[in-house]
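Residue numbers begin at 1 in each chain, while the letters A, B, ... track the order of the sequences. Predicted model only: the values in this text are computed from it and were never measured.
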Amino acid sequence: MVGRVRLATWNVNSLKARLFRVEAWLDEVQPDVVCLQETKLADGAFPSMAFQSLGYESVHHGEGRWNGVAILSRVGLEDPLFGFGPGDDDPEARLVWATCGGIRIASVYVPNGRSLDDDHYRYKLAWLAKLRTLLDQQGGASDPIVVAGDYNIAPTDDDVYDAARFVDSTHTSAPERAALADLESWGLVDTFRRLQPEPKLFSWWDYRAGDFHNHRGMRIDLVLATEPVAERARFATIDRQARKGEKPSDHAPVIIDLAD
DNA sequence: ATGGTGGCCCGGCCA
């Protein structure tokens with residue numbers, strides 16, 4: 001076991017376009033474990049050497065043009081599992097697992113859904129149900145497990161700048177929130193929300209129409225953890241600085257610090 | 001505001 005652990009999750013919206021920001025951010029924030037989403041890289045193009053030179057082991061599950069997830073760790077990285085594991089029939093690279101610092105960790109990029117009448121919305125709900133099933137194979141609620149990433153779901157209306165604008169759209173629909181509640185009833189805790197009850201704290205803002213500067217965002221990037229991990233959480237923040245400056249992602253990193 | 005911006009990579013798709 002290791003002591004204090006700084007965990008983070010960040011949808012980087014192309015690691016190729018964002019590597020210079022990710023490298024600078026790692027140097028500044030000094031996280032121990034980072035879950036990345038939307039690398040948009042094939043496995044062969046993943047810059048594992050760049051991360052190794054900064055002290056991080058890594059695992060990547062990618063497909064090239066779209067999606068792609070990774071885990072970086074400087075507290076050990078063992079037992080990687082790609083997607084849903086052997087026999088996986090997921091056509092998209094949205095899930096990767098590794099054990100880091102004694103914690104079983106998943107980096108997840110939940111399907112967007114697009115619209116409530118779209119096949120991709122049904123894929124989103126089925127994908128979440130599959131994740132719920134897979135959890136049973138990774139351990140139980142009394143084991144240290146973290147499932148962090150871009151859920152493309154705002155858990156409550158407090159996590160959306162204007163809920164009225166998202167009626168009958170994805171990210172806030174009742175079936176999506178029920179799927180998230182299923183994960184929580186399995187034993188996962190929204191660690192950021194436990195430490196930060198203040199409403200209207202967001203992790204994603206549309207690039208368009210000055211949404212970031214006008215505080216029009218959503219909190220869709222979540223660090224869900226079983227109680228043995230959640231009870232160690234001492235500090236939670238969304239790094240809004242990373243959403244500013246040159247060529248930012250449209251998501252900001254979510255950071256959770258764990259005590260010994 | 002049925003637009004707006006930015007990633008993929010060059011004609012639209014995806015977010």
Say you pick atom [atom1] in [N] and the same atom in [M]; how far apart are they, in whole Å?
N      : M      : atom1 : answer
B/dC9  : B/dA15 : C1'   : 16 Å
B/dG4  : B/dC14 : C1'   : 15 Å
B/dC13 : B/dG3  : P     : 15 Å
B/dA1  : B/dG6  : P     : 23 Å

[X] has an atom [atom1]; how far is it from atom [atom2] of [N], in whole Å?
X        : N      : atom1 : atom2 : answer
A/Glu63  : B/dC14 : CD    : P     : 12 Å
A/Asp206 : B/dG3  : CG    : P     : 15 Å
A/Gln37  : B/dC8  : CD    : P     : 17 Å
A/Arg65  : B/dA15 : CZ    : P     : 12 Å
A/Phe166 : B/dT2  : CZ    : P     : 16 Å
A/Glu246 : B/dG7  : CD    : P     : 11 Å
A/Lys16  : B/dG6  : NZ    : P     : 18 Å
A/Asp211 : B/dG4  : CG    : P     : 14 Å

Most 5' of A/Asn112 and A/Pro248 on DNA chain B, judged by nearest nucleotide
A/Pro248
Please compare A/Glu92 and A/Arg216 by the position of their nearest nucleotide in DNA chain B and report the one closer to 5'.
A/Arg216
Looking across every strand, which nucleic acid part, if any, lies under 4.0 Å from [X] by heavy atom: base, sugar-phosphate, or nothing?
X        : answer
A/His251 : nothing
A/Phe212 : nothing
A/Arg165 : nothing

Check this one for me: any side-chain N or O of A/Lys247 less than 4.0 Å away from OP1 or OP2 of B/dG7?
yes
Looking at B/dA15, I'd like to know if its phosphate oxygens (OP1 or OP2) sit under 4.0 Å from a side-chain N or O belonging to A/Arg114.
yes
Taking the cut-offs as 6.0 angstrom to the six-membered ring centre and 45 degrees off its axis, would you call A/Arg94 and A/Tyr109 a cation-pi pair?
yes
Aromatic contact, A/Tyr207 with A/Phe212 (centres under 6.0 Å):
no
Can any side-chain N or O of A/Ser107 pair as donor or acceptor with the backbone N or O of A/Leu36 at less than 3.5 Å?
yes
Is a donor on one side and an acceptor on the other found under 3.5 Å between the side chain of A/Arg219 and the backbone of A/Pro199?
no
What is the distance from atom CZ of A/Arg208 to atom CG of A/Asp206, rounded to the nearest 0.5 Å?
4.0 Å
